[in-house]
Protein chains: 2
Amino acid sequence: MEFEFEDRCDVQCIHEENVKEVRANMINEDTARALADIFKTLGDTTRIKLLFALMLNELCVCDLAAVSGASESAVSHQLRILRNQKLVKYRRAGKIVYYSLLDDHVQTLFTQGLEHVNE
Amino acid sequence: MEFEFEDRCDVQCIHEENVKEVRANMINEDTARALADIFKTLGDTTRIKLLFALMLNELCVCDLAAVSGASESAVSHQLRILRNQKLVKYRRAGKIVYYSLLDDHVQTLFTQGLEHVNE
DNA sequence: TAAATATATGAACGTCTGTTCATATATTTA
DNA sequence: TAAATATATGAACAGACGTTCATATATTTA
């Protein structure tokens with residue numbers, strides 16, 4: 001009884017038609033989260049620099065630290081995040097690990113992002 | 001004296017040629033930050049849902065709360081962030097404020113992002 | 001096999017972020 | 001003008017995040 005009308009919205013201003021239609025075509029929870037996760041990964045200055053550097057060349061962790069200005073430990077931590085998001089791949093050559101972009105999605109996203117910035 | 005050799009890197013593994021070339025073409029600090037800021041803005045599930053809903057229709061705050069599942073207050077806070085990043089615009093009609101996408105950059109970025117997700 | 005080197009990782013710490021709750025503002029309606 | 005409605009905003013709080021420092025792992029070299 002307490003929640004007899006729980007399915008009725010107490011807000012008056014809703015445009016039912018619009019809401020109904022949007023709801024029917026709405027992005028689902030998982031997709032929204034996956035999308036947010038990629039953008040979240042791209043939403044950090046250090047990672048932006050790492051990815052931008054890798055757009056120019058395959059580089060080892062030391063090199064990445066040098067060009068990004070972050071410590072090697074910080075870079076290593078961030079590279080793990082980029083690996084988990086399947087944004088970079090790596091190959092080991094002795095003691096050294098070389099990182100590179102996994103595909104060209106990053107390039108495309110950067111270009112689109114910069115287009116938004118430059119306006 | 002203390003920092004007599006401060007410009008010499010104590011790391012041995014650096015590939016000088018690569019680093020030099022990458023440094024010369026590196027993204028600058030401000031651009032990296034601006035880029036990170038957009039992606040950071042897109043890196044939240046609630047904001048993803050709001051933007052996705054607005055891709056489908058112009059909507060008021062109440063409607064956005066209804067379709068996103070967030071409270072009206074939370075939506076209002078997030079809309080401010082989207083406004084600041086110039087991702088959405090709004091028009092007032094009496095008591096009601098209608099929001100819509102400012103341009104189609106969001107659409108493009110979403111599409112690219114989803115392409116990365118679906119692989 | 002021991003030392004050196006390159007990278008990775010866990011814990012700790014301060015900062016940032018998103019939500020909630022209370023309240024303020026703006027507009028309409030009675 | 002007072003009450004109601006739609007939205008906005010500030011403070012507070014919990015949780016997430018990025019860095020640092022110490023340490024572990026992997027590989028090479030002596």
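In what follows, every chain begins at residue 1, and chains take the letters A, B, ... in the order their sequences are listed.
Counting to the nearest Å, the P atom of D:dT29 and the NZ atom of A:Lys95 are 6 Å from each other. Rounded to an integer number of Å, the gap from A:Ile14 CD1 to D:dT5 P is 14 Å. A straight line from CD of A:Gln78 to P of D:dA16 spans 17 Å, rounded to a whole angstrom. Distance B:Lys40 NZ to D:dG18 C1': 11 Å, rounded to the nearest Å. The separation between A:Asp44 atom CG and D:dT19 atom P is 6 Å, rounded to whole Å. Straight-line distance from the CG atom of A:Leu79 to the C1' atom of C:dA6: 13 Å, rounded to whole Å. The distance between atom CD of B:Glu72 and atom C1' of D:dT5, rounded to the nearest whole Å, is 10 Å. The CD1-P distance, from B:Ile81 to C:dT19, rounds to 8 Å in whole Å.
For DNA chain D, none of the residues of residues 49-57 of chain B falls under the heavy-atom distance limit of 4.0 Å.
Mapped onto DNA chain C by nearest heavy atom, A:Ile96 and A:His77 fall at different nucleotides, with A:Ile96 at the one closer to the 5' end.
Base pairing in DNA chain C gives the following stems of 3 or more Watson-Crick or G-U pairs, range against range and under 3.5 Å: C:1-30 with D:1-30.
Interface remark: the A:Ser76 side chain does not form any donor-acceptor pair with the C:dT9 base, using a distance-only criterion of under 3.5 Å. A donor-acceptor contact under 3.5 Å is formed by the side chain of B:Ser73 with the base of D:dT9.
Residue-level contact check: B:Tyr98 touches neither bases nor backbone, having no heavy atom under 4.0 Å from any strand.
Between B:Glu29 and A:Lys49, at least one side-chain N (NZ, or NE/NH1/NH2) sits under 4.0 Å from a carboxylate O, which counts as a salt bridge.
B:Tyr90 has no side-chain polar atom (N or O) that falls below the 4.0 Å cut-off from OP1 or OP2 of D:dA8. Contact between the side-chain N/O atoms of A:Arg83 and the OP1/OP2 oxygens of C:dA8 is found at a separation under 4.0 Å.
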